K.L.:
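Structure provided below as structure tokens; questions to follow.
In what follows, every chain begins at residue 1, and chains take the letters A, B, ... in the order their sequences are listed. It should be emphasised that the depicted structure is a prediction, and the values quoted were computed from it without experimental measurement.
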2 protein chains.
Amino acid sequence: MDPRVARRQARLDEVLDAAWEIARAEGLAAVSLHEVARRVGLRQPSLYSYFPSKSGLYDAMFAQGYRQLIDHVAAVSPRAADPRRGLVALSRAILGFAVADAARQQLLFHRTIPGFTPSAESYALAQEFLAFVTERLRAAGISERADVDIYTALIGGLGAQQVANDPGGNRWTKQLAAVLAMFFAHVDAKDA
Amino acid sequence: MDPRVARRQARLDEVLDAAWEIARAEGLAAVSLHEVARRVGLRQPSLYSYFPSKSGLYDAMFAQGYRQLIDHVAAVSPRAADPRRGLVALSRAILGFAVADAARQQLLFHRTIPGFTPSAESYALAQEFLAFVTERLRAAGISERADVDIYTALIGGLGAQQVANDPGGNRWTKQLAAVLAMFFAHVDAKDA
DNA sequence: GTCTATACTAAGATAGAC
DNA sequence: GTCTATCTTAGTATAGAC
């Protein structure tokens, strides 16, 4: 690969790391181009050769977050012989990823950053993730949209409560197995 | 009542209304003392006779939101002869309140405003609400903390997905009855 | 690609007069 | 309780040199 491209990519990664660091410490809204530049040893206007705007920085963070999420779940929970067991492992991976970083959870799943909406390319990554999950749900016998929606509410609900009311703990995440058992019983009850 | 007190309260309500209006239109983080003052026909420094700081404004919004929520659920779902039916009505009231205003949901239930934490008085209102709900859950035969936590995750999850992915619609809220039936089956299965 | 310099806008907060 | 005036800080963004 062209070393200039590699260097640029390395710089970009540094910049994004700095932005996430600020977001984790001070909140997503506290990320500023000045502070990011300060941390990587650049001047603020120099960041405009990496992003067209502040919103472009959020977009890059959004895309990076979903790429990491897709890699994470693919690595941690390969397709299993028992699809239900596989779905439990996948859910654990998603939930763990979500609660590990409250700022990331906010950006990826709640979209409460004023003035930011993901670009089409970035949004496609979110859809790719959803497609991955949907396929695993179908493999486990869950294909109706109503059930898929209930599933996303269950996982999202546990993650949101966990970071809002017991950050760093496991008061809600430890209910995952019980919640999934409840969900499976619900799905199976309709088929009977 | 002292008319001066009444006037002050009326002004305060105007100010809070303006703040909520901005929050709904531009997001919670976009609320500024300057813009609030502009909308109510005051100068920005005058707001400091109502709040000690910007954070104090958020605190007043937080307290007002929980007071409205408590009034809302108490009015809409009085104690019912059948506690399970009562719980369904209560849940519908809470969920309706939550999805009616995304900014309010963010402030009351997600706490993602950088630098804001509710005062003790305001937080007591949140606890009062939680106590109200917990009591109704107990009346319906649900008293274990694990089950209470699952309940809050269910309702919160539906509300969050609704405003994030289908604002103004009912794709998730319409699953409430199914989700509660699933939850009741889960609770009853353990007792059997 | 990075810099300096700067334009522009806006924010939270305080002092002191009325 | 509201005002004017002001301090202080900070932000996004652009122009143009190197």
Side-chain angles (χ1 to χ4, degrees), chain A residues 1-23 25-62 103 107 112-117 119, chain B residues 1-23 25-62 103 107 112-117 119:
Chain A
M1 182 198 288
D2 188 331
R4 268 168 309 195
V5 172
R7 276 191 68 83
R8 189 187 162 85
Q9 185 61 47
R11 262 278 208 230
L12 181 58
D13 287 344
E14 266 186 273
V15 167
L16 289 174
D17 283 352
W20 281 117
E21 214 177 279
I22 299 164
E26 318 277 342
L28 261 184
V31 174
S32 75
L33 297 178
H34 275 104
E35 183 57 27
V36 169
R38 217 167 281 135
R39 296 194 182 206
V40 297
L42 285 176
R43 302 294 177 159
Q44 173 255 0
S46 305
L47 294 180
Y48 282 82
S49 78
Y50 294 95
F51 316 103
S53 69
K54 165 99 183 264
S55 191
L57 169 59
Y58 281 131
D59 197 54
M61 295 170 77
F62 182 92
L107 181 64
T112 50
I113 309 306
F116 166 67
T117 22
S119 63
Chain B
M1 182 199 289
D2 187 332
R4 269 167 308 192
V5 172
R7 276 190 69 83
R8 187 186 162 85
Q9 184 61 47
R11 262 278 209 231
L12 181 58
D13 287 344
E14 265 187 274
V15 168
L16 289 174
D17 284 352
W20 282 116
E21 214 177 280
I22 298 165
E26 319 277 343
L28 261 186
V31 174
S32 75
L33 297 176
H34 276 102
E35 182 59 28
V36 169
R38 217 167 281 136
R39 295 195 183 206
V40 297
L42 286 176
R43 301 296 176 158
Q44 174 256 359
S46 305
L47 294 180
Y48 281 82
S49 77
Y50 294 95
F51 316 104
S53 68
K54 166 97 182 266
S55 192
L57 169 59
Y58 281 132
D59 197 54
M61 294 170 78
F62 181 93
L107 182 65
T112 52
I113 307 308
F116 166 67
T117 22
S119 63

K.L.:
If the condition is side chain to side chain donor-acceptor pair (under 3.5 Å), which residues does A:Thr112 pass it with, not counting sequence neighbours?
P.N.:
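Residues passing side chain to side chain donor-acceptor pair (under 3.5 Å) with A:Thr112: A:Gln106.
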K.L.:
Output the rounded distance in Å from OH (B:Tyr48) to C1' (D:dA5).
P.N.:
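Result: 15 Å.
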K.L.:
A:Arg4: what forms a salt bridge (Lys or Arg N to Asp or Glu O under 4.0 Å) with it, not counting sequence neighbours?
P.N.:
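With neighbours one apart ignored, the set is A:Asp2.
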K.L.:
Does anything in residues 50-61 of chain A come within less than 4.0 Å of DNA chain D? Heavy atoms only, and list the residues if so.
P.N.:
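A:Ser53, A:Lys54, in order of number.
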K.L.:
A:Ser119: what forms a side chain to side chain donor-acceptor pair (under 3.5 Å) with it, not counting sequence neighbours?
P.N.:
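Side chain to side chain donor-acceptor pair (under 3.5 Å) check on A:Ser119 returns A:Asp59, A:Ser122.
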K.L.:
Tell me, please, which residues at least two apart from B:Glu21 pass salt bridge (Lys or Arg N to Asp or Glu O under 4.0 Å).
P.N.:
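If we apply the salt bridge (Lys or Arg N to Asp or Glu O under 4.0 Å) test to B:Glu21, skipping adjacent residues, the hits are B:Arg39.
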K.L.:
Take the protein atom CG of B:Leu33 and the nucleotide atom P of C:dG12, then report the distance between them rounded to whole Å.
P.N.:
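B:Leu33 atom CG is separated from C:dG12 atom P by 4 Å.
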K.L.:
Sequence neighbours left out, what pairs pass salt bridge (charged side-chain N to carboxylate O under 4.0 Å, His left out) with at least one residue falling in residues 43-53 of chain B?
P.N.:
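Qualifying pairs: none.
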K.L.:
What pairs of nitrogen or oxygen atoms, one from the protein and one from nucleotides 3-5 of chain C, lie under 3.5 Å apart?
P.N.:
from  : atom 1 : to      : atom 2 : distance (Å)
C:dC3 : OP2    : A:Arg43 : N      : 2.9
C:dC3 : OP2    : A:Ser46 : OG     : 2.6
C:dT4 : OP2    : A:Arg43 : NE     : 3.1

K.L.:
Return the value, rounded to whole Å, for the distance between atom CG of A:Leu47 and atom P of D:dT14.
P.N.:
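It is 14 Å, rounded to the nearest whole Å.
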K.L.:
From NE2 of B:His34 over to C1' of D:dA10, roughly how many Å is that when rounded to an integer?
P.N.:
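The distance from NE2 of B:His34 to C1' of D:dA10 comes to 14 Å, rounded to the nearest Å.
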K.L.:
If I take atom CG in residue A:Leu12 and atom P in nucleotide C:dG1, what distance separates them, rounded to the nearest angstrom?
P.N.:
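Answer to the nearest Å: 11 Å.
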K.L.:
Could you tell me which non-hydrogen atom of B:Arg11 sits nearest to which non-hydrogen atom of B:Tyr50, and how far apart they are?
P.N.:
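Closest heavy-atom pair between B:Arg11 and B:Tyr50: CB-OH, 3.4 Å.
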K.L.:
Tell me which nucleotide among C:dG12, D:dG11, D:dT2 gets nearest to the side chain of B:Arg11.
P.N.:
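Of the candidates, D:dT2 comes closest.
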K.L.:
Tell me, with the steps shown, if A:Leu16 and A:Val36 meet side chain to side chain contact (heavy atoms under 4.5 Å, CB included).
P.N.:
CA-CA 8 Å; A:Leu16 289 174; A:Val36 169; over 6 Å; no
K.L.:
Which residues pass the side chain to side chain contact (heavy atoms under 4.5 Å, CB included) test with A:Thr117, sequence neighbours left out?
P.N.:
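By the side chain to side chain contact (heavy atoms under 4.5 Å, CB included) rule, A:Thr117 matches no residue at all.
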K.L.:
Applying side chain to side chain donor-acceptor pair (under 3.5 Å), name anything that partners B:Asp13, two or more places apart in sequence or on another chain.
P.N.:
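Here the qualifying residues are B:Gln9.
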K.L.:
Measure all distances between protein nitrogen or oxygen atoms and nitrogen or oxygen atoms of nucleotides 16-18 of chain C, and list the pairs falling under 3.5 Å.
P.N.:
none

K.L.:
Please list, chain by chain and in numerical order, all residues satisfying side chain to side chain contact (heavy atoms under 4.5 Å, CB included) with A:Ser53, sequence neighbours excluded.
P.N.:
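Scan of A:Ser53 (side chain to side chain contact (heavy atoms under 4.5 Å, CB included), adjacent residues dropped) gives A:Ser55.
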K.L.:
Mind listing the side-chain donor-acceptor pairs of residues 25-34 of chain B below 3.5 Å, one per line with the distance, residues two or more places apart or on another chain?
P.N.:
from    : atom 1 : to      : atom 2 : distance (Å)
B:Ser32 : OG     : B:Glu35 : N      : 3.1

K.L.:
Indicate whether OP1 or OP2 belonging to D:dT2 is found under 4.0 Å from a side-chain N or O atom of B:Arg7.
P.N.:
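No, outside the criterion.
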